[in-house]
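Okay, structure first, notes after.
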Amino acid sequence: MEPVAVPQTTPSRALVRRPARNLAEGLLTHIERTEVDPALAEMQWRGYVAALAAEGWEIIEVEVAPELPDSVFIEDAVIMFGDIAVVASPGAQTRRGETAGAEAAVTSLGIPVQHLELPGTLDGGDVLKVGRTVYVGRSLRTNDEGIDQLRGILAPRGYTVVAVPISRALHLKTAVTALPDGTVIGFPPLVDDPSVFENFLPVPEAHGTAVVVLDDRTVLMSSAAPRSAELFAQRGYRVVTVDISEFEKLEGCVTCLSVRVR
C-alpha cells in the first residue's frame, strides 16, 4: 500500500519585540502618565510571550530597538492581511524608526510587503479586521490619506475598508476589537459610534476591549478585566489572561504586543 501523504500546515507565528530600555518614555495621548516599572514590564512581556507559546504559537523576535520607547508595540509597525504584509506609516514622527525592523522580520519569512507612504499616516493599532471588512480608525495617528492608500492596496484583494471616527482613545483597537465570531466588543465610553459595527457587544471594563484571537474558541486578554472575561466565557470562549499592567500605563493592550501571522 502506498503511504498516505499528510498535508503540512504552517504553524501560526507571532512577531514580538522586547521592550526598549527607555520604555517609560513612551508617548501618551488620552491618559495621565504614571510610573512604569521597567523590570516588571520585562517580566510581564515574558509572560505574554510564554502565553502565546503555550497556545502553540511560534515566537519570532523582531530585533530590539533600544532607543525607541514605543517599539514594543510591534502591531503599530506592520499589519498582516492574509499572505501580504503592509508596512505602516506611523503618525507620530518619533515612531517612524520602528518600521524597518518589522519589515525585515516579515521579509525574512518570505512574506510580500506593501508600503504606506507620507503624507499618509496609519498605525497598525487603528486597523481591525473582521472577515473581509477592515475597519480603520481615523485618529490622531491615522489620517484620510493613509486610509485611502490602504484601501488602494486591499480593494483589489477583496477587502472592504471602512473608516471609523476615533476621538476618545489612542487607537481604534484601544476602544474595540473582535471575538472569533466577528462580534465587535468595546467599552462604550471609548467608542464614538457603535452603530458603525454590524454586531456590537459592550463590555463592562476599559481593559476588556482588547482580545487576541488565538483560535476559533480561545482568546487572550488582560487580567485587569475579570468581568469582561466572564462575559466571553459565558459566550463559550476559553479565556487566557495575562498581566500587562505596565503596558496599559502606556495605552498599550494585548493586541499591540504582537503581530499574528496565520
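The basis for the numbers below is simple: all heavy atoms, side chains too, and nothing from hydrogens, waters or symmetry mates.
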Does the distance from a Lys or Arg side-chain N to an Asp or Glu carboxylate O, for R227 and E230, drop under 4.0 Å? no
Check: E98 side chain, A77 main-chain N or O, donor-acceptor pair, under 3.5 Å: no
Taking 4.0 angstrom as the limit, do R138 and D144 come out as a salt bridge? yes
Side chain to side chain donor-acceptor pair (under 3.5 Å) assessment of N199 paired with T183: CA-CA 5 Å; N199 296 301; T183 299; 5.4 Å; no
In one Ile/Leu/Val/Met/Phe/Trp/Tyr side-chain cluster, 4.5 Å: V134, V86: yes
For the side chain of T121 and the backbone of S89, is there at least one donor-acceptor N/O pair under 3.5 Å apart? no
Can you tell which of H207, E248, E205 makes a side-chain hydrogen bond (donor to acceptor under 3.5 Å, both in side chains) with S222? E248
Near D216 CG, under 6.0 Å, is it more than 12 heavy atoms from other residues, nucleotides or ligands? no
Going by the side chain to side chain contact (heavy atoms under 4.5 Å, CB included) test, name the single residue among L257, T218, L220, V240 that passes it with V212. L220
Enter the distance from I111:CD1 to T107:OG1 here, rounded to the nearest 0.5 Å. 8.5 Å
Charged tip of K129 within 45° of Y135 ring normal and under 6.0 Å: no
With the threshold set at 4.0 Å, does a side-chain nitrogen-carboxylate oxygen contact exist between E61 and R18? yes
Say whether, by atom type as modelled, one donor and one acceptor occur between the side chain of Q149 and the main chain of E117 under 3.5 angstrom. yes
Ion pair R260/E75, N-O distance below 4.0 Å: yes
Heavy atoms only: give me the nearest P69-N22 pair and the separation to one decimal. CB-O, 3.1 Å
Could you measure the distance from the OG1 atom of T255 to the CD1 atom of I74? Nearest 0.5 Å is fine. 13.0 Å
Same apolar cluster (I L V M F W Y, side chains within < 4.5 Å links), V16/L250: yes
Whether R235 side chain and L231 backbone form a donor-acceptor pair below 3.5 Å: no
Run the numbers on Q44 and S245 for side chain to side chain donor-acceptor pair (under 3.5 Å), then give the verdict. CA-CA 8 Å; Q44 290 178 347; S245 63; 2.9 Å; yes
How long is the span from the OG atom in S71 to the CZ atom in R95, to the nearest 0.5 Å? 8.0 Å
Enter the distance from L170:CG to S139:OG here, rounded to the nearest 0.5 Å. 7.0 Å
Donor-acceptor pair, distance only, cut-off 3.5 Å: does the side chain of D70 make one with the backbone of G26? no
Single-linkage hydrophobic cluster, 4.5 Å side-chain cutoff, V254 and I31 together: yes
Using the rule that two of Ile, Leu, Val, Met, Phe, Trp, Tyr join whenever any of their side-chain heavy atoms come within less than 4.5 Å, decide whether V130 and V162 are in one cluster. yes
In Å and rounded to the nearest 0.5 Å, what is the CG to CZ distance from L23 to F73? 6.5 Å
Should R33 and E251 count as an ion pair when the cut-off is N to O under 4.0 Å? no
Exam field: side chain D123 to backbone G125, donor-acceptor pair closer than 3.5 Å: no
Donor-acceptor pair, distance only, cut-off 3.5 Å: does the side chain of R151 make one with the backbone of T160? no
Taking atom OG of S258 and atom CH2 of W45, what is their separation to the nearest 0.5 Å? 11.0 Å
Could you pull out the closest heavy-atom pair between V213 and A178, with the gap in Å? CG2-O, 3.6 Å
Is R217 positioned over the aromatic face of Y237, cation under 6.0 angstrom from the ring centre and no more than 45 degrees off axis? yes
Please name the pair of heavy atoms, one in F200 and one in I185, separated by the smallest distance, quoted to 0.1 Å. CE1-C, 4.2 Å
Flag the pair K173 and D126 as a salt bridge only when some basic side-chain nitrogen lies within less than 4.0 angstrom of an acidic carboxylate oxygen. no
Decide whether V62 and Y48 are clustered together by the hydrophobic rule: side chain heavy atoms of Ile, Leu, Val, Met, Phe, Trp, Tyr closer than 4.5 Å, transitively. no
Can we say R17 and E63 salt-bridge, meaning some charged N sits less than 4.0 Å from an Asp/Glu carboxylate O? no
